[in-house]
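By convention here, the first residue in the shown sequence is residue 1. These numbers were taken from a predicted model, which means no experiment stands behind them. Excluded from the calculations below are hydrogen atoms, water molecules and symmetry mates; all remaining heavy atoms, backbone and side chain alike, are included.
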Amino acid sequence: MLSHVYIGISDFGRALAFYSDVLETLGLSLKFSQPEKSWAGWMQPGVARPLLLIGLPYNGEPAAPGNGQMVALLAPTRDAVDRSYAVAIENGGRCEGPPGLRPQYHANYYGAYFRDPDGNKLCVCCHDPVAAA
């Protein structure tokens, strides 16, 4: 369904550090980083699309988060949700909702919400039930 998502940022070095740490907890790999062009992209290992891209806005104007806009990233486990949220907050992210069940969405929805250092809203979620021990 999606080819890529592009998130506008204002400071490439800061954003690269933030997203590299957060996306690593989700098992995503850096596909490319071009500091001279102020953009980078991540992918699932071995899967060409979709990509998550960060970069300065193409029009040269300041980056600004959209009202009501959010990117939700799929986590492989609830533990990955917890780890990515913790890493995000440790790296300058701002809490928009700590990790936990959100039964108002469905019985197994486990998610966390935060903003990156530029104010872009992100969600990390897992839809799977807890595995039986």
Can you name the one residue among Val87, Leu73, Val124, Leu30 that meets side-chain contact (heavy atoms from CB on, under 4.5 Å) with Leu23?
Leu73
Is a side-chain N or O of Ser20 found less than 3.5 angstrom from the main chain of Ala17, in a donor-acceptor match?
no
Would a 4.5 Å heavy-atom cut-off, applied to side chains only, mark Phe18 and Asp11 as touching?
no
Checking side-chain contact (heavy atoms from CB on, under 4.5 Å) against Trp42, which of Leu51, Leu53, Ile54 comes through?
Ile54
For the residue pair Tyr109 and His106, categorise the inter-ring angle as parallel (less than 30°), tilted (30 to 60°) or perpendicular (more than 60°).
perpendicular
Decide yes or no for Val22 and Asp116: does some side-chain heavy atom of the first lie under 4.5 Å from some side-chain heavy atom of the second?
no
What's the verdict on side chain to side chain contact (heavy atoms under 4.5 Å, CB included) for Arg102 and Tyr113, showing C-alpha distance, side-chain angles and the deciding distance?
CA-CA 11 Å; Arg102 304 296 198 285; Tyr113 299 83; 3.5 Å; yes
Hey, does Ile89 have a side-chain heavy atom less than 4.5 Å from the side chain of Cys95?
yes
Yes or no on side chain to side chain contact (heavy atoms under 4.5 Å, CB included) for Ile9 and Arg14, after CA distance, side-chain angles and deciding distance?
CA-CA 9 Å; Ile9 50 94; Arg14 178 182 70 184; over 6 Å; no
From the list Leu28, Leu52, Leu74, side-chain contact (heavy atoms from CB on, under 4.5 Å) with Gln44 holds only for Leu28
Which of parallel (below 30°), tilted (30 to 60°) and perpendicular (above 60°) describes Trp39 and Tyr6?
tilted
Begin from the C-alpha positions of Arg78 and Leu101 and carry the test side chain to side chain contact (heavy atoms under 4.5 Å, CB included) through to its verdict.
CA-CA 9 Å; Arg78 291 180 182 189; Leu101 284 169; 3.5 Å; yes
Using the side chain to side chain contact (heavy atoms under 4.5 Å, CB included) rule, take Asp128 and Thr77 through it: C-alpha gap first, then chi angles, then the decisive distance, then the call.
CA-CA 7 Å; Asp128 299 334; Thr77 64; over 6 Å; no
Within the 3.5 Å criterion, strictly below it, is a donor on Tyr110 or Asp82 matched to an acceptor on the partner's side chain?
yes
